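Only a predicted model underlies this, so the values are computations on that prediction, with no experimental measurement involved.
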Amino acid sequence: AHLELVEKLVDQGLFRRFSASVQSFNPKTLEVIKRKNTTDFQLLLDLCHKKNIPISTELILGLPGESADSFKQGIAYCIKNNIVSYTSLLTVLENSELNNPEYIKTHNIQSVSMYPDTNTDVQNSYVDPTNLLVGHSLLTRSEYVDLVIWSHLVTHIYSYRAYNHIINKLASSTTNLVMVLDTIVTKLKTSSVIKPIIDIYSNHVEDGITNDLSANGINSVDLEIMQKFNTLTDKENLDWWQDIDPSITIKDIVHQRLSINRNFDTFDKIYNSKRYTSPGIPKRHSNWMVWLITTRWNNNAERQVKEIT
């Protein structure tokens with residue numbers, strides 16, 4: 001019934017984006033948090049792919065019953081299925097089961113009180129701190145620290161479209177996407193233009209700045225990372241990505257650059273027998289980086305690419 005209704009809405013032009021907050025793709029995790037997702041999810045994905053409808057979802061990092069590996073598998077599933085995901089960090093609400101002493105003991109819940117914005121003047125602010133979950137029986141605090149950074153970087157290279165077309169190419173040729181993503185993240189943290197930024201967050205829980213890495217808005221660290229990526233030349237990008245996979249070519253690098261709209265003026269360019277076109281970014285956006293983040297839920301940032309015959 002759900003599928004039939006959605007198909008009718010699509011055919012009438014009333015269903016232009018499919019978004020579902022699945023929170024986790026791990027059945028054991030969903031059982032622990034007493035949640036059920038729709039059984040029609042894969043059928044809805046297939047329909048959206050068939051009708052070229054953008055798909056997005058929210059995952060929650062830190063759920064009891066979710067290990068670092070199962071969380072990464074969920075991100076890999078999203079990429080394999082062309083789903084734009086963003087990660088929310090789990091907070092322990094006062095009247096939630098997560099704050100029940102028995103539940104805390106059963107799942108070894110560890111939490112830290114932290115302000116949502118490190119730029120907030122704590123003494124003169126009415127903003128209350130959040131009680132951020134930073135570990136449980138299947139996720140150590142050290143794993144949590146690493147996983148928050150891992151998720152943030154994968155969000156940038158895929159959901160924020162820094163290198164989404166390159167990631168799609170790698171995903172199509174591997175049976176272990178998590179291992180590929182691990183390799184990319186390790187290289188980003190150790191030998192890339194954003195290493196100095198990531199170094200600041202190496203102890204983000206202890207330093208009380210974890211919420212800077214949340215994907216619930218546009219943070220200054222997001223803009224700084226995007227700006228750094230944008231400084232790289234095609235040759236620099238090619239050298240970097242060929243260390244990950246020698247099959248990456250200059251055509252892949254240029255295709256990635258031309259596929260994403262970063263211009264306030266209309267764009268029309270031909271490269272490698274393809275025509276790349278896009279309208280200008282709406283003037284209400286302060287810069288192209290804000291545009292990319294705010295349009296991650298749909299395909300507005302993707303330029304039209306047509307083969308030239």
Sole residue of N164, I157, L181 in side chain to side chain contact (heavy atoms under 4.5 Å, CB included) with I79: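 It is L181; the other options fail the test.
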Using the rule side chain to side chain contact (heavy atoms under 4.5 Å, CB included), only one of I60, T130, N211 pairs with T91; which is it? T130
Under 3.5 Å donor-acceptor, [X] side chain and [Y] backbone:
X    : Y    : answer
E143 : T140 : yes
D252 : I248 : no
Q12  : L9   : no
N263 : D265 : no
N100 : E102 : yes
K80  : L177 : no
N219 : V221 : no
T57  : A20  : yes
N287 : V290 : yes

Separation between [atom1] of [X] and [atom2] of [Y], rounded to the nearest 0.5 Å:
X    : Y    : atom1 : atom2 : value
L188 : I149 : CG    : CD1   : 11.5 Å
Q304 : S278 : CD    : OG    : 9.0 Å
I253 : L258 : CD1   : CG    : 11.5 Å
Y163 : L170 : OH    : CG    : 12.5 Å
I55  : L45  : CD1   : CG    : 5.0 Å
T295 : N261 : OG1   : CG    : 8.5 Å

Any [X] side-chain heavy atom under 4.5 Å of [Y] side chain:
X    : Y    : result
K36  : L30  : no
I104 : L98  : no
V6   : L47  : yes
H136 : Q110 : no
H204 : D212 : no

May I ask you to decide if the ring planes of [X] and [Y] are parallel, tilted or perpendicular, using 30° and 60° as cut-offs?
X    : Y    : answer
F41  : F18  : tilted
Y103 : H107 : tilted
Y271 : Y276 : tilted

Does the pair F25 and I75 meet the rule for a side chain to side chain contact (heavy atoms under 4.5 Å, CB included), with working shown? CA-CA 9 Å; F25 286 101; I75 296 288; over 6 Å; no
Would the number of heavy atoms belonging to other residues, nucleotides or ligands and lying under 6.0 Å from [atom1] of [X] be above 12?
X    : atom1 : result
E94  : CD    : no
Q227 : CD    : no
K274 : NZ    : yes
K306 : NZ    : no

Walk me through whether K189 and K195 qualify under side chain to side chain contact (heavy atoms under 4.5 Å, CB included). CA-CA 5 Å; K189 290 165 63 177; K195 180 183 182 301; over 6 Å; no
Does W241 form a side chain to side chain contact (heavy atoms under 4.5 Å, CB included) with I184? I'd like the steps, not just the answer. CA-CA 9 Å; W241 282 99; I184 294 169; 3.7 Å; yes
How close do [X] and [Y] get, heavy atom to heavy atom, and via which atoms?
X    : Y    : answer
L238 : T249 : CD1-C, 3.5 Å
S24  : T29  : OG-CB, 3.6 Å
V178 : A76  : CG2-CB, 3.9 Å
S202 : V145 : O-CG1, 3.4 Å
W240 : S191 : NE1-O, 2.8 Å

Indicate, with yes or no, if [Y] and [X] share a hydrophobic cluster defined by side-chain heavy-atom contacts under 4.5 Å among Ile, Leu, Val, Met, Phe, Trp and Tyr.
X    : Y    : answer
L138 : V148 : no
I200 : V185 : yes
Y144 : I109 : no
Y77  : I33  : no
L132 : L61  : yes

R296 to Y160, cation-pi by 6.0 Å centre distance and 45° axis angle: no
Is [X] salt-bridged to [Y], cutoff N-O under 4.0 Å?
X    : Y    : value
K72  : D182 : yes
E66  : K28  : no
R161 : E302 : yes

Is there a donor-acceptor contact under 3.5 Å linking the side chains of D222 and H156? yes
Looking at S159, S19, S21, S85, which one forms a side-chain hydrogen bond (donor to acceptor under 3.5 Å, both in side chains) with S56?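 Exactly one option meets the side-chain hydrogen bond (donor to acceptor under 3.5 Å, both in side chains) with S56, and it is S19.
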Please determine whether side-chain hydrogen bond (donor to acceptor under 3.5 Å, both in side chains) holds for the pair N176 and T174, giving the CA-CA distance in whole Å, both sets of side-chain angles, and the decisive distance to 0.1 Å. CA-CA 5 Å; N176 192 343; T174 183; over 6 Å; no
Where do V305 and R275 land on the side chain to side chain contact (heavy atoms under 4.5 Å, CB included) test, with the steps shown first? CA-CA 6 Å; V305 182; R275 187 168 194 168; over 6 Å; no
is_close_aromatic(H255, H165), centroid dist under 6.0 Å: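 Centroid distance H255-H165: below 6.0 Å, so yes.
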State yes or no: are the ring centers of F264 and W291 separated by less than 6.0 Å?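 No, too far apart.
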